[in-house]
Each structure stands twice: as structure tokens, then as C-alpha cells.
There are 2 protein chains.
Amino acid sequence: MSLRHAILVLLQDQEASGYDLAREFANSIGLVWNATHQQIYLELGKLNEKDMVKFRHIPQDGKPDKKMYRITEEGRDELIRWLRKPAAPPRIRDAFMVKIAGGALSDPSSILRELEDQADLRRERLNTFEDLARKLDDRDSDKNMYTYLTLRRGILDQQAWLNWAEEVRSELRRREDLTTSV
Amino acid sequence: MSLRHAILVLLQDQEASGYDLAREFANSIGLVWNATHQQIYLELGKLNEKDMVKFRHIPQDGKPDKKMYRITEEGRDELIRWLRKPAAPPRIRDAFMVKIAGGALSDPSSILRELEDQADLRRERLNTFEDLARKLDDRDSDKNMYTYLTLRRGILDQQAWLNWAEEVRSELRRREDLTTSV
DNA sequence: TAACCCATGTAATCTGTTACATGATTCC
DNA sequence: GGAATCATGTAACAGATTACATGGGTTA
């Protein structure tokens with residue numbers, strides 16, 4: 001329900017096309033909310049109908065035309081209304097963790113294999129976020145402070161995950177020692 | 001897509017009614033996957049059609065009848081097939097974090113208020129998970145080890161969140177000092 | 001007497017995913 | 001020559017949420 005608001009947050013700072021937004025969802029805001037281009041184009045259509053955004057056509061040569069969207073007064077009002085209401089708690093749906101919870105059914109080696117794949121991903125993300133955080137030179141501007149805090153959230157999250165992975169490794173190792181020593 | 005598998009994981013250990021499962025989704029496995037009773041009843045219906053579970057009627061007095069579900073061979077096969085495939089990465093949809101990312105639009109005091117509400121919730125969860133982890137006496141059984149690891153994931157996650165909240169507080173405080181001192 | 005627990009579900013709606021579609025340009 | 005980038009979308013389907021429905025028993 002708040003793909004809408006994530007889009008409005010992005011349109012706060014700049015006029016953007018659906019394509020631009022999709023790219024940002026793959027980067028910056030994607031850290032906290034992700035969406036595909038299909039969803040974005042659909043939602044932009046709805047936002048336009050409700051006069052929360054408006055757009056202008058930009059013909060380009062060599063490239064397809066663009067629709068550059070801008071937030072309207074109504075859009076800003078909607079966003080501010082939403083910001084005032086307490087946020088719905090995120091719903092947790094982590095398939096990998098379902099596997100861990102049901103781990104007794106698989107074998108440790110296949111769990112470890114997938115754990116390492118996931119860990120690679122997390123390490124990669126951690127690096128990306130740390131790079132981005134380092135590049136935020138002026139943390140004293142309002143906007144940058146919130147971007148920084150968002151990145152910190154991502155960083156702490158990845159670190160916590162990696163620490164947990166280390167615990168999993170040592171538990172599984174301990175377990176192996178127990179069974180082989182019998 | 002893996003509500004199905006979360007249910008099958010739960011039915012691994014014990015026969016259960018939809019109601020029982022809903023309770024567990026609110027507790028144990030809810031830590032990694034959540035679902036409402038409507039979804040669960042629907043999915044149990046589908047699983048039954050596909051012969052992945054079967055049920056028997058238990059009449060009760062003073063209470064409504066129950067349907068106690070059990071996993072079948074087909075169900076176990078499906079679960080094992082699923083466990084072998086790499087899990088889809090969880091999609092991130094955190095409305096509160098969208099608010100932080102768009103924080104420059106609200107005022108620090110309302111952000112702090114909501115931060116504290118969320119922190120209360122996280123602290124509560126942390127306590128619950130820590131209690132449950134402490135009560136897991138015999139960590140050497142396969143099943144308990146995986147439950148323990150699942151709980152550890154929840155614990156590290158809550159801690160990381162709370163540490164982040166502390167960073168937010170000090171950043172906002174620093175920010176306030178900057179603006180009031182001008 | 002009100003709220004909550006037990007126990008099941010259906011229906012309407014909203015969101016999200018996957019597949020399909022087009023077409024020029026640029027980079028390897 | 002093939003893949004990726006730019007740029008837009010539609011349609012079918014799957015998954016999730018919200019509202020509605022029932023009704024006895026227990027606890028505050």
C-alpha cells in the first residue's frame with residue numbers, strides 16, 4: 001500500500017520518469033522498498049488519475065519519448081497525511097529462514113551451501129552501502145542525514161546477518177563433531 | 001509462494017488444526033513468516049486437494065469441531081523438493097523506513113515519537129525471543145538446534161534495530177544542537 | 001456485560017508477479 | 001552479431017488483505 005508513498009518521496013526531490021524511478025528502486029530506496037517497473041508504471045497511472053502527480057512529454061531523438069512526472073500539491077498533502085499516521089509493521093516473509101526453521105529435514109551440507117550464497121550477497125550489499133555512506137560528504141544537510149540513517153540501517157542489518165551466519169557455521173560444526181565422535 | 005512450505009514445516013512435527021497453525025504463525029514461525037487465519041485455511045484447502053495433507057474431524061463438546069491436519073508422503077516430497085531449490089531473496093517492504101528516507105519532510109519530533117513506539121515493540125520481541133532461547137534446554141537435538149538458530153536470527157535482528165535506533169537518536173540530537181546554536 | 005478464546009470459513013478487493021510486446025541505439 | 005540500455009506499457013494470474021459471518025464458553 002505504500003509503493004505510492006515511496007514514489008512520492010522520490011518525486012519530492014526531482015522530476016522523474018517511470019524508468020528513472022525504477023532505477024532508483026533498484027538502488028537507493030530499494031534498500032527499504034522494492035518494486036518492478038510494471039508496478040511503478042501502473043502506480044504512476046493511478047497517481048496521475050488522482051492528480052497526485054502530473055507529467056509532461058519529453059520527445060527524445062534516438063530514444064523513446066519520456067514522461068517526466070512531478071508531484072502536485074495533492075500529492076504532497078497525501079504524503080504528509082501518510083507520514084503522520086503510524087506505519088504498518090513490515091510483514092516478515094523470509095523463505096530462507098523457513099528453510100532454517102525446517103532445517104532438521106535437510107542436510108547440514110546443503111544448508112551451509114545456501115548459507116554461503118546468501119552471505120556473499122549480504123557482503124556485497126554491505127560494501128555497496130558502506131561505499132554510499134562514505135560518499136555522503138555533507139551529513140549536516142537534512143536530506144543527507146536521512147539518507148545516511150537509511151544506509152546505516154542497511155549496514156547494521158547486513159552485519160547482523162553476517163554475524164548470525166557465523167553462529168550457524170559454528171553450531172553446525174559443533175553438531176558435526178558430536179555425531180562423528182559417537 | 002511458500003506459505004505452503006511454512007505450513008508443511010509445521011506439520012512435520014505434529015498434527016494440527018488451522019487454528020493451531022494460526023497461533024504458531026503468531027508465535028514461533030511468525031518470526032520468519034507471517035500469515036493470517038484466512039490465508040491458512042485457504043492454503044490448507046489447496047494442500048488437501050493436492051493430497052499433500054489429509055485431515056480428520058474431531059468433534060468437541062462446548063467447542064466447535066476441529067479438523068486436524070497431517071502431512072502426507074506427497075507433502076513431504078514437495079517440502080523436500082522445495083528445500084533443495086535456492087530460496088527467493090526476501091523482498092524488502094518497510095514502510096517505517098520509507099518514512100525515514102523521506103524524513104526531511106516530517107519533523108524530528110514526530111519521527112522520534114514513532115521511533116520509540118517501534119523500539120518498544122522491538123524490545124518486547126527481543127525479550128520474548130531471549131526467553132524462548134533460554135528455555136530451549138537441549139540444544140543438541142537436531143530440531144532444537146534449528147529452532148535455536150532461528151531464534152538467534154530474531155535476537156540479532158532486534159538488537160541491530162535497537163542499535164540503529166540509538167544512532168538515530170544521537171544524530172537527531174546532534175542536528176538539534178546545530179540548529180538551536182545558530 | 002464486554003471482551004476474548006475457540007474454530008471455521010467465504011467474498012470482494014487490492015497488490016504483486018510473470019509473461020509478453022515493441023523498437024532504436026550503443027557497447028562489446 | 002548479440003546483449004544491454006533506454007523507455008513505455010498490457011494482461012493473466014497468484015497472493016494477500018479486509019470485511020463479513022457464526023456461535024458457544026470463559027474470564028475480568
Side-chain angles (χ1 to χ4, degrees), chain A residues 1-8 15-27 29-30 32-50 53 55-69 82 85 87-95 98, chain B residues 1-8 15-27 29-30 32-50 53 55-69 82 85 87-95 98:
Chain A
M1 232 269 275
S2 27
L3 167 59
R4 161 161 310 176
H5 305 103
I7 289 174
L8 291 174
E15 195 184 25
S17 68
Y19 193 84
D20 295 335
L21 293 172
R23 255 210 275 75
E24 291 195 72
F25 271 99
N27 298 313
I29 207 160
V32 295
W33 196 280
N34 53 29
T36 58
H37 81 269
Q38 292 92 333
Q39 267 179 288
I40 291 164
Y41 285 120
L42 222 62
E43 190 60 40
L44 281 172
K46 287 184 202 163
L47 282 167
N48 183 54
E49 269 176 44
K50 291 184 192 256
V53 299
F55 67 91
R56 57 199 180 101
H57 259 285
I58 311 280
Q60 299 187 110
D61 44 71
K63 290 178 187 174
D65 294 359
K66 270 186 192 223
K67 285 181 176 181
M68 291 298 279
Y69 287 88
W82 179 77
K85 291 190 309 185
R91 56 206 204 318
I92 304 158
R93 268 165 209 184
D94 190 331
V98 172
Chain B
M1 235 265 278
S2 27
L3 167 59
R4 160 162 310 176
H5 306 102
I7 289 175
L8 291 175
E15 195 185 27
S17 67
Y19 193 84
D20 295 335
L21 293 172
R23 256 210 275 71
E24 291 196 72
F25 271 98
N27 299 315
I29 206 158
V32 297
W33 196 279
N34 53 32
T36 59
H37 80 268
Q38 292 92 333
Q39 268 179 286
I40 292 164
Y41 285 120
L42 221 61
E43 190 60 39
L44 281 172
K46 288 183 202 166
L47 282 167
N48 184 54
E49 269 177 45
K50 290 182 193 258
V53 299
F55 67 90
R56 55 197 183 103
H57 258 283
I58 311 281
Q60 302 186 109
D61 44 70
K63 289 177 188 176
D65 294 359
K66 271 187 193 222
K67 284 181 176 180
M68 291 297 279
Y69 288 89
W82 179 77
K85 291 190 309 182
R91 41 191 73 50
I92 305 158
R93 268 167 206 182
D94 189 331
V98 172

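Residue numbers start from 1 in every chain, and the chains themselves are labelled A, B, ... in the order their sequence lines are given, proteins ahead of strands.
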Distance, nearest 0.5 Å, that separates NZ of A/Lys50 from CG of A/Leu47: 8.5 Å
Letter per nucleotide, 5' to 3', of nucleotides 7-17 of chain D [B base touched, S only sugar-phosphate touched, - untouched; heavy atoms, 4.0 Å]: BBBB----SSB
Non-hydrogen side-chain atoms of B/Leu3 and B/Phe25 separated by less than 4.5 Å: yes
B/Ile58 CD1 - C/dC6 P separation (whole Å): 17 Å
From A/Arg91 atom CZ to B/Arg91 atom CZ, the distance as rounded to the nearest 0.5 Å: 9.0 Å
Terminal axis angle for the helix from C/dT1-D/dA28 to C/dC28-D/dG1, five pairs an end, nearest 10 degrees: 50°
Minimal non-hydrogen separation, A/Asp65 against A/Gln60, with atom names: OD1-N, 3.7 Å
Rounded distance [0.5 Å steps], CG in A/Asp20 versus NZ in A/Lys67: 14.0 Å
Whether A/Arg93 side chain and B/Asn34 backbone form a donor-acceptor pair below 3.5 Å: yes
Nearest-angstrom distance from the residue atom NE2 of A/His5 to C1' of C/dC14: 14 Å
Approximate separation, where rounding is to 0.5 Å, of A/Ile40 CD1 and A/Arg23 CZ: 11.0 Å
Aromatic plane relationship, B/Phe55 with B/Tyr69 - under 30° parallel, 30 to 60° tilted, over 60° perpendicular: tilted
